[in-house]
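One structure is given below, encoded as structure tokens.
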Amino acid sequence: MQIAVSMLKKREQASKAPAVVYFLPESFSAKDLDPSLADCGLDIAAFLKDRAFVGAKGSSAHVVVSLVPKKFTLLIFVGMGKRNEQKHFSMETMRRGVGSAIKCVQAKKISEVAMLLPESSLFGISGHDFIKDMYAIASMAAYKFDAFITKKDAKKTMDIALCAAPGDQKASKDGAQAGAIIAQAVNRARYLNDMPPSQMTPTDLAHEAKTLAKEHGLECTIFDGKKIKELGMLGLHGVALGSDQDPRFVILHYRAKKANAPTLGFVGKGITFDSGGLSIKPANSMETMKDDMAGASAVIQAVAALAQLQADVHVIGFAPISENLLGGSAQKPGDIVTFYNGKTAEVRNTDAEGRLILADALAYATKNFKLDCIVDVATLTGACIYAVGPFYSALVSDNQPLADRIKEAGNRSGDCVWQLPFGDDFKAAIASDIADIQNVGDPRIAAGTITAACFLREFSGDVPWAHLDIASSSFNVPNISYVGKGATGSSVRLLIDLAMHWR
Ligand code: BES
Ligand code: ZN
Ligand code: ZN
């Protein structure tokens, strides 16, 4: 899907589009209706009353009228809901409203839409941030993974014109520019994850990082399988043993203008396909495992976006990338691996491979770079889906100030996180009789997402660390109108926001 989002200077221009979207607060009155609707040939207030549309959260109504002589226009009215305790409307309601309007337009096979946006002040945020968010959401909502659909009549373009309220016009150019960068990062991450796994191998994903580095002036270092083995990153090496595809370790480095700025480290799990290895997954659990690289693609795209946004912190993305298959040389349950930092782990289950590759990445990152924090992002555990459900990513950290920053970034960006408990009691779950630790948790301690995080914590040293399990939120999230089926780009917006607000 080719998506073009643009900004309209004048609200009157919107009437020319074949579909126009209006946002209305709950219990709106006739004066809230756009003046352009006055002579469309239909008493809009009466129509909306007839449809029992009062502007409630999650509601919408649509009708076709003639806004311009001899032309038919689809009008979509979207509810903004009520104000909250701070007297602001909800950004998430607004995002979902934008999403449902775009889905409505797409369902009617219309490929052009104009949206008359409300004032940013109603949401308690700046015009820049509001336009940025709306631009990114419109683009996310229009995304469809249709690269392999050959049907000729399939609509492959979507033109969205956003019209900022008069008070937001000044901020709209810069806001749109930032929104475009974020949208590109999110949708590109989704595209990489949605690609068939045989066409998005470790080499392909590393190539993406290299291309972005060239495009945006980033430093990019890529280790191949031989180098990974030489360096003693045997967790990553071990996981790759079952596959014919050579693994990769990607380091993507963005340097801010100020040399003494803080440095953030982002680490993303890049399993381009997870069969489970010899501890093979049942067929239905394997079906979505092309998405097991969502952490890596999020990190790579976020770093590229931060370079374009000229963030004032240094950011280094680390991505260990491999397939997890079960070829003749595959690692076996019972094997013991030694990681980059010298620690050993008993591999009791080859399907708990994410922590094995992340362990080396965390150890490498914290040993070779001076980092002010390290945040890893991974589709790490099935347990996460049951712990927090699809609308949140799970956050685990023993550094509360960092966890709080991540929560704030999550709330601002709409990429929500829910913090799980963490502490020494959980550590016992990964104790092994024959190695330093084991890669599965003691079933009596049950909390699989937390015990997986305990494993990772062994490798982050003294650097403030936080872990995001996005197994819940990265694929097939239901009921959120601006992310359809398939990959969601979970945590791309959060990582960008975190770095942009670090200060
Ligand atoms: N990639 C999976 C986790 C996953 C499951 C992501 C479902 C998205 C949806 C991970 O590698 C895995 O298989 N983890 C195991 C760990 C277990 C063997 C300790 C799991 O969660 O079952
Ligand atoms: Zn697995
Ligand atoms: Zn996995």
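These numbers come from the heavy atoms of this one structure, side chains and all, not from hydrogens, waters or symmetry mates. This structure is a prediction, so every number in the text was calculated from the model and none was measured. For ligands, and for the atoms within them, numbers begin at 1 and follow the listed sequence.
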Using a 3.5 Å cut-off and no angle test, enumerate the donor-acceptor pairs between side-chain atoms of residues 220-232 and protein atoms at least two apart in sequence or in another chain.
unit_1, atom_1, unit_2, atom_2, d
Asp224, OD1, Lys226, N, 3.3
Asp224, OD1, Lys227, N, 3.0

Donor-acceptor contacts under 3.5 Å from residues 280-290 side chains, at least two apart:
unit_1, atom_1, unit_2, atom_2, d
Lys281, NZ, Asp351, OD1, 3.2
Lys281, NZ, Asp351, OD2, 2.9
Lys290, NZ, Asp194, O, 2.6

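Closer than 4.0 angstrom to ligand 1 lie heavy atoms from Lys269, Asp274, Lys281, Met289, Asp292, Asn349, Asp351, Ala352, Glu353, Arg355, Thr379, Leu380, Thr381, Gly382, Ile385, Val440, Ala471.
Under a 4.0 Å N-O distance rule, the pair Arg95/Glu92 qualifies as a salt bridge. A salt bridge does not link Lys269 to Asp376: none of the charged side-chain nitrogens sits closer than 4.0 Å to a carboxylate oxygen.
A donor-acceptor contact closer than 3.5 angstrom is absent between the side chains of Gln308 and Glu215.
The set of protein atoms (N, O or S) found at less than 2.8 Å from the Zn ion (ligand 2) reads Asp274 OD2, Asp351 O, Asp351 OD1, Glu353 OE1, by chain and number.
The Zn ion (ligand 3) has an N, O or S atom of Lys269 closer than 2.8 Å.
Exactly one of Phe339, Phe459, Phe318, Tyr340 qualifies for a ring-ring contact (aromatic ring centres under 6.0 Å, His included) with Tyr364. That residue is Tyr340.
When all heavy atoms are compared, the tightest approach of Ile496 to Ala305 is CD1-CB, 3.6 Å.
At a threshold of 4.5 Å between non-hydrogen side-chain atoms, the residues Thr201 and Met293 do not count as touching. Gln106 has its side chain within reach of Lys144: a pair of non-hydrogen atoms, C-beta onward, lies under 4.5 Å apart.
Remark: the backbone N or O of Leu362 is not paired with any side-chain donor or acceptor of Ser460 at under 3.5 angstrom.
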